[in-house]
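Because the structure is a prediction, the values reported are computed rather than measured. A, B, ... follow the sequence lines: proteins, then strands. Residue 1 opens every chain.
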There are 2 protein chains.
Amino acid sequence: MQLSRETLLPKLAAHVLEHGLGGASLRPLAKAAGTSDRMLIYHFGNKETLITELLGYIAELYSGALDAALGSDRAATRQECLARILAEGSKPEMQAFLVLWWDIVAGATRGVPGYHDAAQAMMTRQLVWLEGQMPADDPDPAGGARYLMTMIEGALMLSAVGHGDTAQQGLLASGLAAS
Amino acid sequence: MQLSRETLLPKLAAHVLEHGLGGASLRPLAKAAGTSDRMLIYHFGNKETLITELLGYIAELYSGALDAALGSDRAATRQECLARILAEGSKPEMQAFLVLWWDIVAGATRGVPGYHDAAQAMMTRQLVWLEGQMPADDPDPAGGARYLMTMIEGALMLSAVGHGDTAQQGLLASGLAAS
DNA sequence: AAGGCTATGTAGCGCCCGCTACAAGAGGAA
DNA sequence: TTCCTCTTGTAGCGGGCGCTACATAGCCTT
């Protein structure tokens, strides 16, 4: 069967979603895609562009997952809106993205090519999704969505390093969550 | 001159603060410390415990930097408190910690030994520092500090991936920052 | 002085890395 | 048929990795 970027990317994405980006080297990636490192280089040119295209593909996967989760009804309050997105993020199919996410943020900070753009695209998409969920009668939907966004990402990071309780108490004190 | 963990750690820390944890392999680390990979293994046993001890040392460095920044006077308002810690984080001597931070978070999420504990310790320390900065008349200093903490970390992450403006607008909408 | 323990240098092991050289099969174009 | 291009397999290169074997120089004890 003919190989191509398009047929390879889904299998490569599945592999990094399971095993992370850090240790993603050509031979394991190739094995996961049912081919050889030789062919990965042939189809992508080199590893750097492979990773760049892979991150772009994963960003699209993430968009698709958010689209699939997009209920057509808005939330009634900011509290409900926050509760919804937190529930969305705790779904198992989103967990893989979460684990990968910090690899991407670290890469973006260090300036590794492709990481920053993919991360920005994923956050932009999440912001759009969040704005669509904001209550219809919210006095400031744009600002409110960005406010929720900042709290959510903060809570996410604190949870990642064992300060989930800190984040929870922060949400409570903000009035965005109820005990 | 006699080498030891204690004399080596500062030089190793300086190296990873400059070059990151990702590509920190024994030979470059040894060169930065003026010795050989052979001696790093001799003094630390293996790379894993070296990294664990190094992260612990860096967490102490971070604590020390916060202590040095700790003015004895509290802020007058939450807004001022937030402005202070944001100013603190933008100091050049803190930038190196910030770049390293996402490596640590990614490692903590992936379960690499030592990363989680170091990250948690650094966040705990920052929370303590923040509580000490809260206004004396604040109705809920503990909750407020955790609230600020969540917003700060969220803003930090968004800024890391090119969404600094999103975070800024989020801070404005929260009422914690003034335009 | 003799022996042992600690600290260090030199060399190299086996392994994985990204990548490449080279040959060959497949299929279309002349 | 005869080429020629696209795709793939096999093998391997140079280099970095964590780590180890071995020798040795210096010091401390007896």
Side-chain angles (χ1 to χ4, degrees), chain A residues 1-58 100 103-104 106-107 110-115 118, chain B residues 1-58 100 103-104 106-107 110-115 118:
Chain A
M1 167 196 155
Q2 292 281 100
L3 295 175
S4 69
R5 285 169 161 84
E6 287 67 33
T7 61
L8 287 169
L9 282 175
K11 299 176 186 172
L12 297 177
H15 183 263
V16 302
L17 279 170
E18 186 175 358
H19 297 98
L21 271 168
S25 48
L26 289 181
R27 285 168 179 80
L29 281 173
K31 193 169 186 178
T35 178
S36 66
D37 58 330
R38 167 69 182 77
M39 294 315 297
L40 292 185
I41 296 291
Y42 177 74
H43 284 290
F44 291 95
N46 54 51
K47 190 187 177 184
E48 180 180 315
T49 67
L50 186 157
I51 295 292
T52 301
E53 296 202 20
L54 184 51
L55 287 178
Y57 178 78
I58 289 174
L100 197 56
D103 274 336
I104 297 177
R110 220 180 308 114
V112 188
Y115 282 61
Chain B
M1 167 196 155
Q2 291 281 101
L3 295 175
S4 69
R5 284 171 163 82
E6 287 67 33
T7 61
L8 287 170
L9 282 176
K11 298 175 186 174
L12 297 177
H15 183 262
V16 301
L17 279 169
E18 185 175 0
H19 296 98
L21 271 167
S25 50
L26 289 180
R27 285 169 178 83
L29 281 173
K31 193 168 187 178
T35 177
S36 66
D37 57 329
R38 167 71 182 77
M39 293 315 296
L40 292 184
I41 296 292
Y42 177 75
H43 283 290
F44 291 95
N46 55 49
K47 189 187 177 184
E48 180 179 316
T49 66
L50 185 157
I51 295 293
T52 301
E53 297 201 20
L54 183 50
L55 287 178
Y57 178 77
I58 288 174
L100 197 56
D103 273 337
I104 298 177
R110 220 181 307 113
V112 188
Y115 282 62

Problem set entry | Whole-Å gap separating C1' (C:dC17) and CD (A:E48) | 16 Å

Exercise. Starting at NZ of B:K47 and ending at C1' of C:dC16, how long is that distance when rounded to a whole Å?
Worked result: 14 Å

Exercise. Once you round it to whole Å, what is the distance between P of D:dC19 and CG of B:L29?
Worked result: 12 Å

Exercise. Whole Å only: how far is the CG atom of B:N46 from the P atom of D:dG18?
Worked result: 11 Å

Exercise. Would you find a donor on one side and an acceptor on the other, under 3.5 Å apart, between the side chain of A:N46 and the backbone of A:T49?
Worked result: yes

Exercise. With a 3.5 Å cut-off and just heavy-atom distances, do the side chain of A:D37 and the base of C:dC19 make a donor-acceptor pair?
Worked result: yes

Exercise. Given atom CG of A:L26 and atom P of C:dC16, what is their separation to the nearest angstrom?
Worked result: 14 Å

Seminar exercise, completed: By nearest-nucleotide position on DNA chain C, the 5'-leaning member of A:R38 and A:P28 is A:P28

Exercise. How about B:Y115 and B:I51: do any of their side-chain heavy atoms sit closer than 4.5 Å?
Worked result: yes

Problem set entry | Length of the CD1-C1' vector between A:I41 and C:dC19, whole Å | 6 Å

Exercise. Side-chain contact, heavy-atom cut-off 4.5 Å: A:H19 with A:P28?
Worked result: no

Exercise. Do B:R27 side-chain and D:dG16 base share a donor-acceptor contact under 3.5 Å?
Worked result: no

Exercise. To the nearest angstrom, how far is A:Y42 atom OH from D:dT7 atom P?
Worked result: 4 Å

Exercise. In whole angstrom, what separates A:L40's CG from D:dG9's C1'?
Worked result: 14 Å

Exercise. Where the side chain of A:S25 is concerned, which of C:dG18, D:dT20, D:dG9 is the nearest nucleotide?
Worked result: C:dG18

For this session: Would you indicate, yes or no, if D:dT8 has its OP1 or OP2 atom less than 4.0 angstrom from a side-chain nitrogen or oxygen of A:H43?
Result: yes

Exercise. Got A:L50 and A:L26 here, is their nearest side-chain heavy-atom distance under 4.5 Å?
Worked result: yes

